[in-house]
Amino acid sequence: MKFVVSTSNLLSHLQLIDGVVVSKPIIPILENFLFDIKGNKLFISSTDLETSMTTSIEVESNEDIKVAIPSRLLMDTLKTLPEQPLTFSVDASTFSVEIHTGSGRYKLSGQGGDDFPKVPEVEGDKSFAMPASVLLKAINKTVFATSTDELRLNLTGVYIQLMKDQVTFVATDANRLVRFIRKDVKPGVEEAFIVPKKALNLLKSSLPNDDTTVKVDFNKSNAFFSFEGVNLICRLIDEKYPDYRAVIPSENPNKLTVIKQSFQSAIKRISIYSNKTTHQIRLKLAGSELVISAEDFDFANEAQDRLSCHYDGQDMEIGFNSRYLIDMLNAIDTDDVCLEMSQPNRAGLMLPAIQADNEDMLMLVMPMMLNNY
Amino acid sequence: MIAAKAIPEIIVFMSDIIRLLPEHVANQIAAGEVVQRPASVVKELLDNSIDSGATKVDLFFKEAGKLLIQVIDNGKGMSPTDARMCWERHATSKIKQVDDLFKLRTMGFRGEALASIAAVAQVELKTKREEDELGTQIGIEASEVKRQEYVACPKGTSILVKNLFYNVPARRNFLKSNPVETRHILNESIRIALANPQIHLTVQHSDTRVYDLPATGLKGRIVQLFEGRKPEDLITFEEETSMIKVSGFVGTPTSAKKTRDEQFFFVNSRFIKDPYLHHAIMGCYEQLIEKEQFPFYLVNIEIDPREIDVNIHPTKTEIKFQDERSVYLVLKTVIKKALGDFFTVPMYESSAISSFLPPAPLPEGYVPKAPEPKKQATLNPLFVQSSTYKRDTTKGWEKMFETRSAEQNVLSAIYPKEEKIAREELGSAPLLQLNAKYIFATTINGVLIINQQAAHERILFEKYLAAAEYNPIASQQKLFPRVIELSKTDFELAGELIPELRLMGFDVTEFGQHNLIVHGMPADMSQHNEEQLILDILADYRQSALEGDEKRKENLALLLSKRAGIKNGTKLEEHDMRQLAEQLFYCDQPTFTPGGKRTYIKLLADQIETLFK
């Protein structure tokens, strides 16, 4: 059996789905791509049992076959080959694969495709669609705030809440929270599910940043994202999401507005002097001056810096994990950023100074307190 | 004249009741203080012999000294007049005027000992000076000189004390059994033997030669005296400051024993007991030995006699230092350093290999370095300015600040230049992990094998202890406060622990009858499951026996370090391994976990070379 495909075409498709493959999986065959040729179409799949991706290419082929090809070997080969047509020939009995280039021959030992786990079929009860760029933005704004704690599975994904006329993305690791609302996506149904972080990161690297429509089908256990011939199927996290609305404070009388760029670089600079494990920095607000400071008692290092700002509220001092602040500031696109606070032991809200069209972005971070006052 | 005559009349008329005691009664009373038991006689006599400049002293006693005690020395002896005078009360060669009291270098000085002994026993003295043809012999019973004659005898002094307390039956009956009194005598002789290793001392009990201790060095004397003490169990230390000179030996933690009778302080060669200084030493062994164990130590303190007062107790086993606190700190620092130096390089010990390995030589150019004073924020002069919020703390904090600075002053007096302790310096080669358990790191001259779990336990232990004492850990507030339901006993336990838990970064409050709310977690543990962690702490805490406030903090730090640490079986990135290793060698006591397990071993390049031979 033979088929012909160009180097760059194959490589670009493989790169879309390569992220799914884990190194040293429990089942060895998961280190392979599944090449499934039906007629003149080549379907390539990868899976880690939780998440699967499939893409397809038009090829010229003389017969149908399913073969699993080692992903690392194939990718490394393709990356070094110059652009040219490649002829794949697969031995239907031994599943050995030979790649013929203009000048060379590369032989890989494949496995029978029937041993490859079956990729779930798209079978959504419900579906909605949104532009790829919008989904990409939503993922970028939220996925960094998810938790890595395996004991709290519900926080390791992004909570997607569908309403008739808007969609809300929420992520939290119990120390901070991001809520991103998009009002121009109208799912028309009221549903909510938790999508695992890995699936979203895969989408992030494969979604085109344009108006391509992404169709999302979902049922109780799986969600299917399809765009431009690429399918991503992931198992949803079957856990209850905490009531995030209850923790967003409504009364935040102390409002700080500051230039994002200078705020962020000041925090990065000051945090060099913060404690190596807690990363704590302090914001001290008085009048229209913001003093950022940090100290590391272990090494007797300390630093402070002043920024001018707009501040409306009582003088206060509040401590934060600088890493959280830096992550959150990265998610802000506007020139100015607002920080709204009430008490040194209450959550601080971070908002862009101006919300983009059809968007509502809110971030919340819990302070870090020293226990001696 | 008239007045003088009148007085006796008045006495008669008024029939006064206050009288000056006869000499022998006064002596008996004094003896009650100085001579409590045969061992006191032994001590006084041996002290005299040593003061006489003897190089060989023999002690004989029978029936635990109740029947006979004899001390023979080859010291300078006495003239016939002195031999008679020495039995008088307050007769002494050792001081002449009040000022001398403050310059005492001799053991005795009060001139009471012999008079006291003579008051309660039958005593025979033979003495001869080098230059005399004939010696003097004097016999005394109950303070009465029975005879004095010339006698032929060798140079030196021999004192025979017979039938102690023969004239004070009450006292005699109060003596303990023979084995006990024998023990006391031997203890006295051990102390004197340790204080004077340069003297050849023999001790004979009835027909048994108990000790024969030829003149030697201190280490030799220790090995002579204590069976089972090996030279390699002893760690030597020596330090001289403008104020005092301390030297001696401490035992390795592994050689600690269940009894505390191998612990000695000598101040200017005088044995003393001092619970305060004892505490300083035991503090250094904390976490190194188990609770009921006592390390060997022998500490010689040489100090200007003006700085101490020995004249506060008749038996002179207690003395008063004018600046007790400084002595304490010097001692603590020196011994910590000695132990630290000894343990900074825990050698690869395998009986199979060490049997053919030569003892590892010190690396070339190796200079033992002073321990670095504990780095504390409170010592940082910037500290006060930088964190004004600290000012709001309770008085306890301020107090601590003061004492810490005091300690710092003394420390910097000893080690004027703040040098880094002889810590392991990691090489630049990448660190490796074996079995997700051991970290291999290179140094300039060898390989360190670090047990990751043990190492992290030690790091966290010191961190949490510091947190409880002076450097609270920041508390990361949680979005979703967790309510933890507890049993009634656990709830009470939790109530006790809350202040310490808060210092360590757990923002917890009691809620209702048996619930705790966790608002915040230590910032470095914010990813841990708070409910499980707190329940574990309470369970562990319930089990561990608790005593005192100080122990509570330690216990808690210990529990947390065990719970929160990196476990064996966790894969680490190279960066994390390096950080772990660096933090470990930043610890005050990097070689052992608080539970006493090794944190790392070192394999020197020389040792490796030998393995390939």
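Proteins come first, then strands; the chains are lettered A, B, ... in the order of their sequence lines, and each starts at number 1. The analysis underlying the following values was restricted to heavy atoms, covering all of them including side chains, and did not include hydrogens, waters or symmetry mates. Fair warning: this is a prediction, and the values are worked out from it, not measured in the lab.
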Query raised in the report: Would you say A:R346 has more than 12 foreign heavy atoms packed within less than 6.0 Å of its CZ?
Result: no
Query raised in the report: Would you find more than 12 non-hydrogen atoms of other residues, nucleotides or ligands less than 6.0 Å from A:N330 atom CG?
Result: yes
Query raised in the report: Are more than 12 heavy atoms from other residues, nucleotides or ligands located less than 6.0 Å from atom CD of B:E510?
Result: yes
Query raised in the report: Checking side chain to side chain contact (heavy atoms under 4.5 Å, CB included) against B:L479, which of A:D173, A:L155, A:L364 comes through?
Result: A:L364
Report summary line: Here the pair of heavy atoms bringing B:F480 nearest to A:D243 is CE2-O, 4.2 Å
Report summary line: Pair count under 4.5 Å, heavy atoms only, with chain A: among B:K463, B:H519, B:Q579, B:Q477, highest is B:Q477
Report task. Give a yes or no on whether B:L434 atom CG has more than 12 heavy-atom contacts from other residues, nucleotides or ligands under 6.0 Å away. Result -> yes
Requested in this report: Look at atom CZ of B:R482 and say whether more than 12 heavy atoms of other residues, nucleotides or ligands are closer to it than 6.0 Å.
Outcome: yes
Query raised in the report: Shortest non-hydrogen contact from B:K478 to A:N175?
Result: NZ-OD1, 2.8 Å
**Report entry** Closest approach of A:P367 to B:Q476 (non-hydrogen atoms, all atoms of both residues)
**Finding:** O-NE2, 3.6 Å
Query raised in the report: Heavy-atom distance under 4.5 Å to chain B: side chain of A:A174, backbone, both or neither?
Result: both
Query raised in the report: For B:F511, does the CZ atom have more than 12 heavy-atom neighbours from other residues, nucleotides or ligands under 6.0 Å away?
Result: no
Query raised in the report: Relative to chain B, which segment of A:T172 carries a heavy atom at a distance below 4.5 Å: side chain, backbone, both, or neither?
Result: side chain
